[in-house]
There are 2 protein chains.
Amino acid sequence: MSDVSIKEVARIADVSIATVSRSINNPEQVTEKTRLKVQDAIRQTGYSPNTLAQSFRRGRTNIVMVVLPSVGDPFFTAVMRGIRSAAKNKGYSVVIEETQFNTLTADEIGAMLVSNQTDGIILLASVSPFGTEISSANSKRRLPIVIGCETVSRELADFPSVHIDNIAAAKEAVNYLISQDHERIAMICGQESSLLTKDRELGYRTAMKQAKLPVEDGWVVDGDLTIAGARKATRNLLNHSNRPTAIFCANDEMAIGCLHEVKSAGLGVPDDISVVGFDDIRYAEVTDPPLTTISQPAEEIGERVMYRLCRRIDAGNGESSSPEIVPHKLVIRQSVTNPAS
Amino acid sequence: MSDVSIKEVARIADVSIATVSRSINNPEQVTEKTRLKVQDAIRQTGYSPNTLAQSFRRGRTNIVMVVLPSVGDPFFTAVMRGIRSAAKNKGYSVVIEETQFNTLTADEIGAMLVSNQTDGIILLASVSPFGTEISSANSKRRLPIVIGCETVSRELADFPSVHIDNIAAAKEAVNYLISQDHERIAMICGQESSLLTKDRELGYRTAMKQAKLPVEDGWVVDGDLTIAGARKATRNLLNHSNRPTAIFCANDEMAIGCLHEVKSAGLGVPDDISVVGFDDIRYAEVTDPPLTTISQPAEEIGERVMYRLCRRIDAGNGESSSPEIVPHKLVIRQSVTNPAS
DNA sequence: TAGAGGAGTGTAAACGTTTACAATACCGCG
DNA sequence: CGCGGTATTGTAAACGTTTACACTCCTCTA
């Protein structure tokens, strides 16, 4: 099967290998007649081009790498589905690199580039605050990189990106709690390093400030973006001397941990504590109670980011680098109620 | 960076390109002195081998493909983590193909092979009952394939596999329900095509038969392995004229849907209905109530299956094809109670 | 009918490695 | 000092494509 090369086809079809190559890749350059001859020979021999040789010759792997914090998080698997579908559409394969929530340094990205030879990279994870290294190292290398979900720091601003408006979305979530008469609202956020988390925290603080509500010391805690982290964070919140009536979580994964911990403490959701999540992963509607959360168009983000990358790969530096903001939506379920009732 | 080739290094180090290649790949074949010279030159030039050229020359992509039903299912993401860790260890990249629960045909696998040139394939999904096509097509091609999680049909028996004993595990789960005095036990299983599901169903039926308990018509329903499917299945079960007191689900994903639907119907878990799952995904301990389920060593399966594949790739047909059974474990949480109480 | 121009095809080089084989250098022994 | 043998290095071919360039036909125009 795969041991027959273009030479054999050329021999059978009685043409040169160049003509075979052309009838496959640029059919308009050959006669109808020879094209048919070649097609026949291909069918006879069961030839299929050696993609290794093609990649080598063309200098293209047709592989892109996506770097993400955690493959386990349903939000990212949803984004991945979008990426994969667009990739398949464009003839790319996708390899995944998981950062396990650690922040990437420029060197690590560099290492990934040389080891996994890829045509481009999609960053769904935070990169180190020393973003300049990457961007300068990269303007040198001019490697196509596009950023998804994560908010973009100034240093990376010359790369295209697609994400929601995290600040506005977080504000909307918190404003909803405020509209339900909550005044003591806490937040569980991700680790320091994540810009995206920082933005959501900023949205929370802005909403609180605009409503002239205080944010007490110890009301903003790090939940590590994991279930376990959120459970610990929730315990701290419940033991706070001025216990909040509502908790806003920076992602649904943590909201699930939070829900569980509140109930383990013998309290009710939403009767004693209201909870709001972020992402609208597919488990959000089957938690108990179903989770009120911010919905992101995860698959769409994935598709857009992949198409954006393709354009970058094809167009080189031509592709614009403006951030692309996609819409979010507050979806109201049953994890929030009025604290007075 | 990547535009400097081995030639440049050879020029700087004042040796031939063959020597450069050797000092990298077979250091024991060159003098200490030249090795150092070459190392220096590499550092000076920032050379790193062109992996495309290497792949081409060596006829190896160092890429493996894994075919799985659904990337979203946390069980599979856990298996993937194991695969990825082993792959990284061995210098392989991993690309994923999702079947979306459809059964694969031999042709489809063939197409994947020629389009994505890979060194091997890990099958975590069901393949079509016409397994002979694949195995014969493959003995021709002698492509390294190994099977994980899925039970192996007779036709595929010449490929290595690693999985738990699904029949025994399902029996154990059902026996546990029986030991808790349940007599009316239903099951939500996956689609027809999945052998793995068939085995779990077989385990269920065997346990029931051995305990001389009847399996009523309509007690074994298809839940599609999805949350939505399980909810619908659960609704049917709850409306059954002889309503079961316990439901055994073929995976945790469905158990989550089941839990939710039971509670939506105004019933309590486990007080009115007991529920048992399968897989022990990481959400299983934070459902309400925490889920009693069968735990599979998912990451370990992933690692073993990958190492197995490596051996197949290296050894050719040398590697044994005996199935490798890994241990499962019943983990008891709070979704089951005695129906009398 | 000569010549220009274009369409179709062939020849051969190139991509960056690895590796069989040849050549050279080095060592120890007689 | 010469010789055999081994350790190290160099030369060149090969992997399967793509593609620049050259060549051959053919057609159309003047």
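On a predicted model such as this, the values are computed, not experimentally measured, just so you know. Residue numbering restarts at 1 for every chain, and letters A, B, ... go by the order of the sequence lines.
Annotation: proximity of residues 28-44 of chain A to DNA chain C (heavy atom, distance under 4.0 Å) is found for Val30(A), Thr31(A), Thr34(A), numbered in ascending order.
Applying the salt bridge (Lys or Arg N to Asp or Glu O under 4.0 Å) rule to Lys7(A) yields no partners; only residues at least two apart in sequence or on another chain are considered. Checked against side-chain contact (heavy atoms from CB on, under 4.5 Å), Ala78(B) has the following partners two or more places apart in sequence or in another chain: Ala298(B). For Asp14(B), there are no side-chain contact (heavy atoms from CB on, under 4.5 Å) partners, not counting sequence neighbours. Considering only residues two or more places apart in sequence or on other chains, Ser85(B) meets the side-chain hydrogen bond (donor to acceptor under 3.5 Å, both in side chains) condition with none of them. Annotation: side-chain contact (heavy atoms from CB on, under 4.5 Å) contacts of Gln29(B) (sequence neighbours excluded): Arg22(B), Asn26(B). Scored by the side-chain hydrogen bond (donor to acceptor under 3.5 Å, both in side chains) test, Arg81(B) finds Glu98(A) as partners (sequence neighbours excluded). With sequence neighbours left out, Gln44(A) forms a side-chain hydrogen bond (donor to acceptor under 3.5 Å, both in side chains) with no residue at all. Looking at residues two or more places apart in sequence or on another chain, you find no side-chain hydrogen bond (donor to acceptor under 3.5 Å, both in side chains) involving Ser55(B).
Put simply, Ser16(A) has a side-chain N or O that comes within less than 4.0 Å of OP1 or OP2 on dG10(C).
Each of Phe56(A) and Val15(B) lies near DNA chain D, and the nucleotide nearest Val15(B) is the one positioned closer to the 5' end.
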Side-chain donor-acceptor contacts of residues 33-41 of chain B below 3.5 Å, not counting sequence neighbours, with atom names and distances?
from: Thr34(B); atom 1: OG1; to: Thr31(B); atom 2: N; distance (Å): 3.4
from: Thr34(B); atom 1: OG1; to: Thr31(B); atom 2: O; distance (Å): 3.0
from: Arg35(B); atom 1: NH2; to: Glu32(B); atom 2: OE1; distance (Å): 2.8

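Comparing the end axes of the helix from dT1(C)-dA30(D) to dG30(C)-dC1(D), each fitted to five base pairs by superposing C1' atoms of four pairs onto the next four, gives an inter-axis angle of 50° (nearest 10 degrees).
Between the C1' atom of dT17(D) and the CG atom of Asn62(A) lies a distance of 14 Å, rounded to the nearest Å. One can place CG of Leu52(A) at 10 Å from P of dT17(D), the figure rounded to the nearest angstrom.
Annotation: side chain of His163(A) is not in contact with side chain of Leu196(A) (no heavy-atom distance under 4.5 Å).
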What are the atom names and distances for every N/O pair under 3.5 Å that joins the protein to nucleotides 18-23 of chain D?
from: dT18(D); atom 1: OP1; to: Asn25(A); atom 2: ND2; distance (Å): 3.0
from: dT18(D); atom 1: OP1; to: Gln54(A); atom 2: NE2; distance (Å): 3.2
from: dT18(D); atom 1: OP1; to: Arg58(A); atom 2: NH1; distance (Å): 3.4
from: dT18(D); atom 1: OP2; to: Ser21(A); atom 2: OG; distance (Å): 2.6
from: dT18(D); atom 1: OP2; to: Asn25(A); atom 2: ND2; distance (Å): 3.1
from: dT18(D); atom 1: O2; to: Arg57(A); atom 2: NH1; distance (Å): 2.3

